[in-house]
Amino acid sequence: AHRSIEMNMRQNGYNTNSDIFGYPEDHYTPPMQAIGEMQLVRGSAALQFGSQFGGMMNYVMKEGDSSRPFVLESEQTVGSNNFFNSYNAAGGTYKNTRYYVYYDNRQGTGWRPNAAFRYHAYYSNFELKLSERANLSIQFSRMDYVQQIAGGLTDAMFQHNDRQSNRSRNYFNPEINIPALIYRRRIGANTRLEITSNAIFGQRNSVQFIQTPDV
């Protein structure tokens with residue numbers, strides 16, 4: 001789900017679409033290493049969550065270990081075309097606070113010239129135990145990346161050299177920040193109250209010459 005359009009995208013239950021009505025595209029993409037569960041509601045059944053007809057997907061993020069005060073995760077990946085991904089996370093429970101934080105850095109030069117990218121993602125969740133029945137989660141997410149777009153090729157250009165690119169200044173750069181507060185209270189054996197408040201602050205910048213390859 002790189003840039004899901006016409007689909008209601010959520011994280012921990014709250015919406016992450018940049019514009020939920022006029023241009024329902026999602027520019028926010030968390031790293032898969034941080035996701036503990038993916039929930040999907042297909043088709044018109046997802047209209048209970050919003051106006052998009054493509055369905056609803058909710059990323060449930062990992063939570064800190066409930067039995068230890070500190071657990072460290074670190075995953076380093078290298079690949080062709082100078083690809084490097086570094087995912088680092090920490091979590092645990094200390095006294096009445098359960099937490100999980102991560103930082104992800106991903107970059108590469110791409111298979112063709114003018115196809116480099118650099119991606120950053122941050123997340124923090126501090127869950128405060130207010131009582132035996134209630135807790136408050138304070139969350140903040142950020143994602144930003146700069147992606148260079150190599151552009152298309154005509155048939156003749158492709159046959160001559162399928163790895164060439166003649167558009168060196170096409171870039172795409174979204175920056176998304178999502179703070180959230182989630183209050184949960186267990187009222188009875190079969191009743192739970194949940195109040196969520198979140199916001200999306202960000203921008204989408206681009207420099208692109210998007211004419212057809214023969215122009």
Side-chain angles (χ1 to χ4, degrees), residues 1-66 73 87 89-93 96-104 106 119-131 133-145 173-187 190-205:
H2 175 51
R3 283 175 63 188
S4 302
I5 192 167
E6 302 295 356
M7 191 168 186
N8 190 299
M9 300 299 295
R10 293 173 175 262
Q11 174 181 282
N12 294 335
Y14 48 82
N15 196 275
T16 62
N17 291 74
S18 302
D19 183 349
I20 61 173
F21 295 114
Y23 186 58
E25 188 168 3
D26 186 46
H27 296 101
Y28 171 79
T29 306
M32 292 294 106
Q33 296 94 327
I35 296 173
E37 180 182 335
M38 298 170 68
Q39 300 172 343
L40 175 66
V41 178
R42 299 191 301 167
S44 59
L47 291 175
Q48 60 187 309
F49 298 97
S51 62
Q52 287 88 343
F53 54 79
M56 186 280 292
M57 178 174 285
N58 180 36
Y59 294 132
V60 181
M61 309 302 283
K62 290 181 180 178
E63 296 183 340
D65 193 308
S66 61
E73 298 177 46
Y87 176 81
T93 302
N96 292 327
T97 303
R98 189 179 184 183
Y99 68 95
Y100 188 81
V101 297
Y102 73 71
Y103 168 69
D104 188 38
R106 188 183 313 149
Y119 162 97
H120 302 100
Y122 316 78
Y123 172 79
S124 62
N125 177 25
F126 293 89
E127 182 180 319
L128 310 177
K129 185 178 180 181
L130 305 179
S131 67
R133 291 177 172 266
N135 62 68
L136 176 67
S137 294
I138 304 171
Q139 301 179 359
F140 178 77
S141 308
R142 175 180 169 86
M143 184 222 68
D144 64 83
Y145 67 81
N173 167 225
E175 299 177 1
I176 306 295
N177 301 279
I178 308 175
L181 289 174
I182 303 176
Y183 173 79
R184 299 184 181 92
R185 182 176 181 85
R186 190 175 70 255
I187 298 176
N190 301 311
T191 307
R192 188 183 71 173
L193 172 68
E194 182 172 308
I195 302 173
T196 301
S197 177
N198 78 293
I200 299 177
F201 301 98
Q203 54 186 340
R204 192 197 77 167
N205 305 307

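Note that the coordinates shown come from a computational prediction; the quantities given were computed from them, not determined experimentally.
Nearest heavy-atom pair, P31 versus Y87, reported as atom, atom and distance to 0.1 Å: CG-CE1, 4.0 Å. Residue P30 comes nearest to I35 through the heavy atom pair CG-CD1, 4.2 Å, listed as atom of the first residue, atom of the second, then distance. Of all heavy-atom pairs between N125 and S137, the closest is OD1-CB, 3.7 Å.
Qualifying side chain to side chain donor-acceptor pair (under 3.5 Å) partners for Y119, counting only residues two or more places apart in sequence or in other chains: none. In terms of the side chain to side chain donor-acceptor pair (under 3.5 Å) criterion, residue partners of R106 (sequence neighbours excluded) are, by chain and number, N85, D104. Under the rule for a ring pair (Phe, Tyr, Trp, His ring centres under 6.0 Å), the partners of Y123 that lie at least two apart in sequence or sit in another chain are Y102. Partners of R185 by salt bridge (Lys or Arg N to Asp or Glu O under 4.0 Å), not counting sequence neighbours: none found. Residues passing the ring pair (Phe, Tyr, Trp, His ring centres under 6.0 Å) test with Y103 are Y122, sequence neighbours excluded. A search for ring pair (Phe, Tyr, Trp, His ring centres under 6.0 Å) contacts involving F49 returns nothing, not counting sequence neighbours. Every residue was checked against the side chain to side chain donor-acceptor pair (under 3.5 Å) condition with N96, not counting sequence neighbours, and none meets it. With sequence neighbours excluded, the residues that form a side chain to side chain donor-acceptor pair (under 3.5 Å) with S18 are H27.
You'll find the side chain of L181 reaches within 4.5 Å of the side chain of I138, heavy atoms only. Within the 4.5 Å cutoff, side-chain heavy atoms of P174 are placed close to those of M143. Contact check for Q139 versus N12: side-chain heavy atoms found under the 4.5 Å cut-off. Side-chain contact between Y59 and M32: present, with at least one pair of heavy atoms (C-beta onward) separated by less than 4.5 Å. Within the 4.5 Å cutoff, the side chain of Y14 has heavy atoms near those of the I178 side chain.
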For residues 196-205, tabulate all N or O donor-acceptor pairs below 3.5 Å that involve a side-chain atom, not counting sequence neighbours.
residue: N198; atom: ND2; partner: N15; partner atom: O; Å: 3.4
residue: Q203; atom: NE2; partner: E175; partner atom: OE1; Å: 3.0
residue: N205; atom: ND2; partner: N173; partner atom: OD1; Å: 3.4

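Interatomic distance, CG of N135 versus CZ of F126, reported as 15.0 Å (0.5 Å rounding). To the nearest 0.5 angstrom, L136 atom CG is 5.5 Å from L130 atom CG. Rounding to the nearest 0.5 Å places OH of Y100 at 13.0 Å from OG1 of T93. In this structure, Q11 CD and T16 OG1 are separated by 7.0 Å, a value rounded to the nearest 0.5 Å. Rounding to the nearest 0.5 Å places CE of M38 at 4.0 Å from CE of M57. Note that the CG atom of L193 and the OH atom of Y183 stand 6.5 Å from one another [nearest 0.5 Å].
The salt bridge (Lys or Arg N to Asp or Glu O under 4.0 Å) pairs that include a residue from residues 31-41 number zero, where partners must be two or more places apart or lie in different chains. The side chain to side chain donor-acceptor pair (under 3.5 Å) pairs that include a residue from residues 40-58 are Q39-N58, where partners are two or more places apart or lie in different chains. Here salt bridge (Lys or Arg N to Asp or Glu O under 4.0 Å) pairs that include residues 43-63, with residues two or more places apart or in two chains, are K62-E73, E63-R98.
A distance-only check finds no donor-acceptor pair linking the side chain of S124 to the backbone of V101 [under 3.5 Å]. The closest donor-acceptor contact from the side chain of D26 to the backbone of M7 lies at 3.5 Å or more, if one exists at all.
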